[in-house]
Amino acid sequence: GRGAHLIEAHIEVDGLKAYYGQTQALHGVSFALEHGGITTLLGANGAGKTTTLRLLLGLTRPDGGSISLLGLPVPQQAREARLKVGVVPQVDSLDPDFTVTENLLVYGRYFGLKDHEIRARIPALLEFAELEGKADAGIESLSGGMKRRLTLARALVNDPDVIFLDEPTTGLDPQARHMMWQRLRRLLSEGKTILLTTHFMEEAERLCDRLLIMDKGRAVTTGAPRDLIAEHIEPHVVEIYGDHEVRARTAEYAALCERQELAGETLFCYAKDPQPLLDVLKPQCALRYLHRPANLEDLFLKLTGRELRE
Ligand code: ATP
């Protein structure tokens with residue numbers, strides 16, 4: 001264990017509003033997070049995820065509403081609250097002129113840590129990032145995945161209670177992405193509270209305990225991914241591909257399922273019992289279709305609509 005925490009990790013946002021000039025980015029976002037767990041802010045480009053994180057950190061002032069981070073009001077006491085927060089920004093901000101160790105030292109000093117305190121933590125941080133042996137390496141010599149892991153390790157230099165990650169796996173290959181997920185789960189097992197943004201459904205579904213779906217500056221819904229899917233979506237999905245066939249017989253298929261959605265050349269049929277529909281599709285040799293369980297993408301599309309954002 002990490003000893004008794006006197007402050008309970010806790011984040012509360014109420015009626016948050018934000019404008020960029022005439023553009024309203026947030027329209028009154030409210031949510032509360034208890035200690036522990038991984039919460040994902042899921043939303044299309046422009047939904048307001050990054051803006052929400054910036055406001056939580058006190059980097060910009062809200063135009064309405066209130067924020068409490070670890071029991072402290074933000075932005076009033078943001079500086080103090082940030083001492084117990086780790087941040088992994090969307091774009092890596094490692095200093096290319098410094099080595100791995102120097103980057104950790106410089107970052108740790110922002111938190112008022114002494115060099116000997118930081119140096120004492122570095123072996124554990126490098127082990128966590130699987131960068132043992134890279135202590136004296138230059139940043140430019142690291143791969144993209146290594147840089148992301150170093151950025152994560154750097155965010156832990158102050159032993160934070162809460163970790164914010166803005167799209168932690170964007171641009172990573174599948175291997176590197178899995179490694180990042182593994183690292184995040186380890187932090188979770190150590191009792192950290194994690195809030196991350198993503199637009200990868202798979203990431204949100206695999207990783208998080210709690211989902212906060214944002215759309216056009218609003219928090220649309222919140223809950224555990226499995227619960228939300230079960231609540232809003234029929235259990236079976238049959239995707240039918242190809243425009244002519246699909247359009248010719250859409251009405252016929254509609255009678256065999258609860259609900260349909262058309263996106264481009266794919267017809268999505270949502271059913272409690274898919275068998276009658278599958279029986280009709282099977283003999284049609286030329287038809288391509290896929291039967292699968294409902295997933296987070298179905299939920300996201302139902303709640304936020306299918307039109308492309310921006
Ligand atoms: P992304 O996935 O693209 O990072 P996001 O969900 O993080 O999107 P935000 O970056 O918070 O969304 O943006 C919310 C809205 O505010 C968008 O409409 C965006 O165009 C606008 N916006 C964000 N930053 C600025 C800025 N600096 N100036 C003007 N408008 C901005």
Side-chain angles (χ1 to χ4, degrees), residues 11-33 38-67 69 74-75 78 82 85-94 144 147-148 151-152 155 162-173 176-177 180-181 184 193-208 210-223 225 228 263 295-310:
I11 300 166
E12 201 166 343
V13 155
D14 192 33
L16 214 53
K17 291 187 179 154
Y19 290 86
Y20 294 100
Q22 302 281 50
T23 311
Q24 187 164 8
L26 298 181
H27 296 260
V29 171
S30 303
F31 59 89
L33 305 183
I38 301 189
T39 301
T40 298
L41 283 179
L42 181 68
N45 292 129
K49 306 179 297 292
T50 302
T51 302
T52 302
L53 283 191
R54 289 184 57 81
L55 289 168
L56 273 172
L57 288 167
L59 301 176
T60 40
R61 263 179 186 279
D63 294 301
S66 64
I67 302 165
L69 176 57
V74 170
R82 280 209 301 268
V85 177
V87 180
V88 177
Q90 200 172 105
V91 180
D92 283 328
S93 56
L94 299 163
K147 283 183 199 165
R148 283 265 88 183
T151 303
L152 177 58
V162 175
I163 303 161
F164 291 157
L165 303 104
D166 199 355
E167 297 187 11
T169 61
T170 294
L172 296 186
D173 66 29
R177 181 168 296 163
M180 181 60 85
W181 291 344
L184 294 179
T193 302
I194 299 175
L195 179 63
L196 64 89
T197 75
T198 190
H199 45 244
F200 295 119
M201 309 291 161
E202 193 203 354
E203 178 158 283
E205 195 163 343
R206 274 171 181 248
L207 203 61
C208 76
R210 200 161 174 275
L211 195 68
L212 193 83
I213 297 187
M214 292 191 70
D215 186 41
K216 298 175 189 159
R218 290 188 170 83
V220 182
T221 190
T222 174
L228 288 175
N295 62 30
L296 203 52
E297 189 159 18
D298 299 309
L299 175 70
F300 184 76
L301 293 174
K302 183 178 178 187
L303 294 180
T304 68
R306 283 177 188 272
E307 77 274 26
L308 204 61
R309 301 262 177 266
E310 291 181 338

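Order of listing sets the numbers, starting from 1, for every ligand and every atom in it. All figures in this text were calculated on a predicted structure; none of them were measured in a lab.
For ligand 1, the atoms lying closer than 4.0 Å to a non-hydrogen atom of Ala47 are 5 (P), 6 (O), 12 (O). Set against the non-hydrogen atoms of Thr51, the atoms of ligand 1 under 4.0 Å away are 9 (P), 11 (O), 13 (O), 14 (C). Those atoms of ligand 1 that come under 4.0 Å of a heavy atom in Gln90, given as number and element, are 4 (O).
For ligand 1, the polar-atom distance check against Thr50 finds a nitrogen or oxygen pair separated by under 3.5 Å. Taking any N or O of Lys49, backbone or side chain, at least one lies under 3.5 Å from an N or O belonging to ligand 1.
Here the side chain of Thr197 pairs a donor or acceptor atom with the backbone of Glu167 at under 3.5 angstrom. Here the side chain of Lys49 pairs a donor or acceptor atom with the backbone of Ala44 at under 3.5 angstrom. Panel note: side chain Ser30, backbone Gly15; a donor-acceptor pair is recorded below 3.5 Å. With Asp215 contributing its side chain and Val220 its backbone, the two residues share no donor-acceptor pair below 3.5 Å. At distances below 3.5 Å, not a single donor-acceptor pair connects side-chain atoms of Thr40 with backbone N or O atoms of Leu42.
Among Gly46, Ala44, Ala18, the residue whose heavy atom sits closest to atom 15 (C) of ligand 1 is Gly46.
Note on ligand 1: Gly43 sits outside its first shell, no heavy atom being nearer than 4.0 Å. Put simply, part of Glu167 is less than 4.0 Å from ligand 1, judged by heavy atoms. Heavy atoms of Met214 come nearer than 4.0 angstrom to ligand 1 in no pair at all.
With salt bridges taken as basic N to acidic carboxylate O contacts below 4.0 Å, one links Asp92 and Arg148.
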Pair Leu299, Leu211 - check side-chain contact (heavy atoms from CB on, under 4.5 Å), show working.
CA-CA 11 Å; Leu299 175 70; Leu211 195 68; 4.3 Å; yes
